[in-house]
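To find a chain, count down the sequence lines: A is the first, B the second, and so on, and within it residues start at 1. All figures in this text were calculated on a predicted structure; none of them were measured in a lab.
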There are 2 protein chains.
Amino acid sequence: MPGAKLDEIDRMILAELQADGRMTNVELARRVGISAPPCLRRVRTLEEQGYIRGYHADVDPRELGFDVSVFVMVRLVSQSEAELSAFEARCGGWPLVRECHMLNGEVDFILKCVAPDLRSFQSFLTGELTAAPNVASVKTSLVIRNAKAEPGVPFDVLEARLARKA
Amino acid sequence: MPGAKLDEIDRMILAELQADGRMTNVELARRVGISAPPCLRRVRTLEEQGYIRGYHADVDPRELGFDVSVFVMVRLVSQSEAELSAFEARCGGWPLVRECHMLNGEVDFILKCVAPDLRSFQSFLTGELTAAPNVASVKTSLVIRNAKAEPGVPFDVLEARLARKA
DNA sequence: GCGCGTTCGCAATATTCTTGCGCTTGGGGC
DNA sequence: GCCCCAAGCGCAAGAATATTGCGAACGCGC
């Protein structure tokens, strides 16, 4: 199913909606060079086929008082599937954990966390994360600044043709 | 300016728009319990004041043929501001690099990358990244799977009151 | 050469967005 | 305690947008 067939217009639509997810359909149609109705139909199709997973407002964590971002490298004691899932589930319940990726190599998980300040992060760290069962070791790195953030710099859909599909 | 005053309704708006950025204003107003016009005015204010940085379609990289995600830890030779900026600028020019965060500690940068397959990632790695000036060492970790992704699991705006502001 | 399916654009209707306006509510100052 | 002011709400109307149905053009295979 994935990577069926996207023409140039579909790719432009994805790029535009990635840059501005609230763009009006009329404006979108104008930019990709077709009229509104077929444009809307294409968008619906892209949504149904899973190319577009959803739309989200990009809320600034700092404005809400989340001033620190931290990457956390976690090693577990056991890497059995049950334990891996258990850890993921635990992450799902921690509001400070915004992303949770399972990795290969020596580190089992990398987490991206946010917190109002260092103190509350450290309290989370010692009170929750390192205290959780099966956690062997934890290494943290404060984010000083970020040059490229996810939503602001959408990955280049127009280059996606380079990614050949079966 | 940050963290001025958000009431309960503002927080609900942020939470709803984070979950579904294309929600109609009428629907949004219904959910937060006010009528459409004041709801739209609140949204506009939140945008102007920077609480909402933008809206973005969440495009599935896999559907587009980007099957591998990789975290890359980068150390530089020199950490002078000029060199740091130069590296950030270089990252900005690499389409495979979707995020670039400067860290404290031994590692200078962590990058989140996507690629169509391992081969093209490794070609990027050896041909571009490690070949770039001032790059001392590079360590990569493949993402096996992710339990919590950024847009799917918005951080909990309703808990944001815990983040006290000046 | 001729259907056949796909996708387009046009037109019409339904829904939403957007602005102006009057009203209620809550909080000082006197 | 009373008045006044500011902030925020809802209502209503006009403008813009979304959405559906339909006929026409294009490309493809037979």
To the side chain of [X], which of [options] is closest?
{"X": "B:Arg41", "options": "D:dT17, C:dT19, D:dT20", "value": "C:dT19"}
{"X": "B:Leu40", "options": "C:dC17, D:dG10, D:dA18", "value": "C:dC17"}
{"X": "B:Asn25", "options": "D:dA18, D:dC11, C:dC17", "value": "C:dC17"}

Between [atom2] of [N] and [atom1] of [X], the distance in whole Å:
{"X": "B:Arg30", "N": "C:dT16", "atom1": "CZ", "atom2": "C1'", "result": "15 Å"}
{"X": "A:Glu27", "N": "C:dT16", "atom1": "CD", "atom2": "P", "result": "22 Å"}
{"X": "A:Arg22", "N": "D:dA18", "atom1": "CZ", "atom2": "C1'", "result": "14 Å"}
{"X": "B:Leu28", "N": "C:dT18", "atom1": "CG", "atom2": "P", "result": "13 Å"}
{"X": "A:Met23", "N": "C:dT16", "atom1": "CE", "atom2": "P", "result": "21 Å"}
{"X": "B:Ile34", "N": "D:dG10", "atom1": "CD1", "atom2": "P", "result": "6 Å"}
{"X": "A:Asp7", "N": "C:dC8", "atom1": "CG", "atom2": "C1'", "result": "12 Å"}
{"X": "B:Ile9", "N": "D:dG8", "atom1": "CD1", "atom2": "C1'", "result": "10 Å"}

DNA chain C: 5'-proximal contact among B:Val26 and A:Gly33 (nearest heavy atom):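 Mapping each residue to its closest nucleotide by heavy atoms, the 5'-most match is A:Gly33.
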Sugar-phosphate only, base, or nothing, as touched by B:Ser35 at under 4.0 Å among non-hydrogen atoms: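 Base contact.
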Touch class at under 4.0 angstrom, heavy-atom based, for A:Arg42 against every strand present: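 Since only primed, P, OP1 and OP2 atoms lie under 4.0 Å of A:Arg42, the category is sugar-phosphate.
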Residues B:Lys139, B:Glu106: salt bridge by 4.0 Å N-O rule: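 Not counted as a salt bridge, because no side-chain N and carboxylate O are separated by less than 4.0 Å.
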Residue-phosphate contact under 4.0 Å: B:Arg44 side-chain N/O, C:dT18 OP1/OP2: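 Yes, such a contact exists.
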Any side-chain heavy-atom pair of B:Ser141 and A:Ile110 under 4.5 Å: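 Heavy-atom side-chain distance check fails, nothing below 4.5 Å.
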Heavy-atom side-chain proximity of A:Leu76 to A:Asn134 below 4.5 angstrom: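 In contact.
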Geometric class of the B:Phe87/B:Phe109 ring pair [parallel <30°, tilted 30-60°, perpendicular >60°]: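 Tilted.
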Residues A:Gln79, A:Asp108; criterion side chain to side chain donor-acceptor pair (under 3.5 Å); working and verdict: CA-CA 8 Å; A:Gln79 282 84 20; A:Asp108 294 308; 2.9 Å; yes
